[in-house]
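Beneath this line is the structure, given in structure tokens, with notes to follow.
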Amino acid sequence: DDDDDDDDDDDGNLGRGLGGGDGEDDEELLALNVGEAPTPTEQRTSEGQGGGGADSEVGVDSEGTSEGEKATVSPPPKRQISITNEKFKEIAAMLGRYLNKRAEAGSESEVWGDVVQWYLEEKVDAFEDVAAMESEKAIVDRVIRRLLADRTVLIQIGIPDPSKPEDEARIALHPSIDARAL
């Protein structure tokens, strides 16, 4: 599938091409998923809506629970946020410069949540309301996750502790990153 190949190319370019590139892909969108995936029940109810009685065909009652399934509070459906490659690079570069500055000041790593808080404080004038700030926070968290997963720009310090919130993890700029290129 050509779309899958393009996504793989974007993943490689985004993490490694922070300081350069030909700019051709700057207008491409980077999809960031936020929240949890819909449960099979949510998928069945959304497929059945508007179909005039399709709920009964898949065994889903009017409350969205299937036969034999207890009603539970399910997580919200996954939202997709898209940002341009240019914005991704801008966020990654700001975070990289900040982490480099902190490293030069003697700090080996920073707490993820503190890095996000610093970013939001730097951009505070750009937010129209709290919802815009929360949306930007979700984007920055996703950018950090992506940079950590790529392991070419950011690294996590120490062993991840699944019992702690993600934003308590310590992160640092990858030692192979040339801070002058950020």
Side-chain angles (χ1 to χ4, degrees), residues 7-8 10-21 23 25-39 73-182:
D7 289 344
D8 291 342
D10 287 344
D11 290 345
N13 290 337
L14 293 175
R16 292 181 252 309
L18 293 178
D25 59 347
D26 285 347
E27 295 306 314
E28 292 180 28
L29 296 179
L30 172 66
L32 301 172
N33 295 319
V34 179
E36 299 295 324
T39 64
V73 176
S74 53
K78 201 175 225 184
R79 282 191 345 240
Q80 193 171 46
I81 299 173
S82 296
I83 63 172
T84 62
N85 190 15
E86 182 178 301
K87 180 166 180 167
F88 179 89
K89 288 178 180 181
E90 174 190 331
I91 293 170
M94 279 186 70
L95 298 176
R97 285 190 298 268
Y98 173 72
L99 289 169
N100 184 59
K101 180 179 164 186
R102 299 293 299 150
E104 288 175 350
S107 176
E108 272 186 32
S109 63
E110 295 295 316
V111 175
W112 178 328
D114 293 346
V115 174
V116 173
Q117 186 64 34
W118 168 84
Y119 176 87
L120 295 174
E121 288 171 1
E122 290 293 305
K123 296 288 194 171
V124 71
D125 294 335
F127 305 131
E128 296 175 11
D129 54 20
V130 174
M133 183 184 69
E134 289 173 354
S135 176
E136 189 74 5
K137 180 186 182 307
I139 290 170
V140 174
D141 281 334
R142 293 294 298 168
V143 168
I144 290 174
R145 273 188 215 106
R146 181 127 178 213
L147 293 171
L148 285 170
D150 193 32
R151 296 184 185 172
T152 58
V153 177
L154 294 181
I155 55 173
Q156 186 168 347
I157 305 299
I159 299 171
D161 185 353
S163 67
K164 289 186 177 180
E166 164 181 83
D167 66 350
E168 290 182 14
R170 298 197 67 84
I171 60 175
L173 195 59
H174 193 285
S176 69
I177 292 294
D178 181 8
R180 296 173 297 203
L182 296 175

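This one's a predicted model, so the numbers in the text were calculated from it and none came from an experiment. No hydrogens, no waters, no symmetry mates; every other heavy atom, side chains included, goes into these values. Along the sequence shown, the residues carry numbers beginning at 1.
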Can you see which heavy atom on Tyr98 is nearest to which on Val115, and at what distance?
CE2-CG2, 4.1 Å
Decide yes or no for Glu136 and Tyr119: does some side-chain heavy atom of the first lie under 4.5 Å from some side-chain heavy atom of the second?
yes
Does CZ belonging to Arg151 count more than 12 external heavy atoms closer than 6.0 Å?
no
Rounded to the nearest 0.5 Å, how far does CG of Asp114 lie from CD of Glu168?
10.0 Å
Test side chain to side chain contact (heavy atoms under 4.5 Å, CB included), reference His174, set Thr152, Asp150, Val153, Ile155, output is Ile155
So how far is it from Glu90 CD to Glu86 CD, rounded to the nearest 0.5 Å?
7.5 Å
How many angstroms lie between CZ in Arg146 and CZ in Phe88, if you round to the nearest 0.5 Å?
5.5 Å
Against Val116, only a single residue in Val143, Leu95, Val111, Val140 fulfils side chain to side chain contact (heavy atoms under 4.5 Å, CB included); can you say which?
Val140
Which value, rounded to the nearest 0.5 Å, describes the distance between Glu110 atom CD and Arg170 atom CZ?
6.5 Å
Working to the nearest 0.5 Å, report the span between CG of Leu120 and CD of Glu134.
10.0 Å
Smallest heavy-atom separation, Pro160 atom then Pro162 atom, equals O-CD, 3.5 Å
Atom OG in Ser109, atom CG in Leu173: separation rounded to 0.5 Å?
12.0 Å
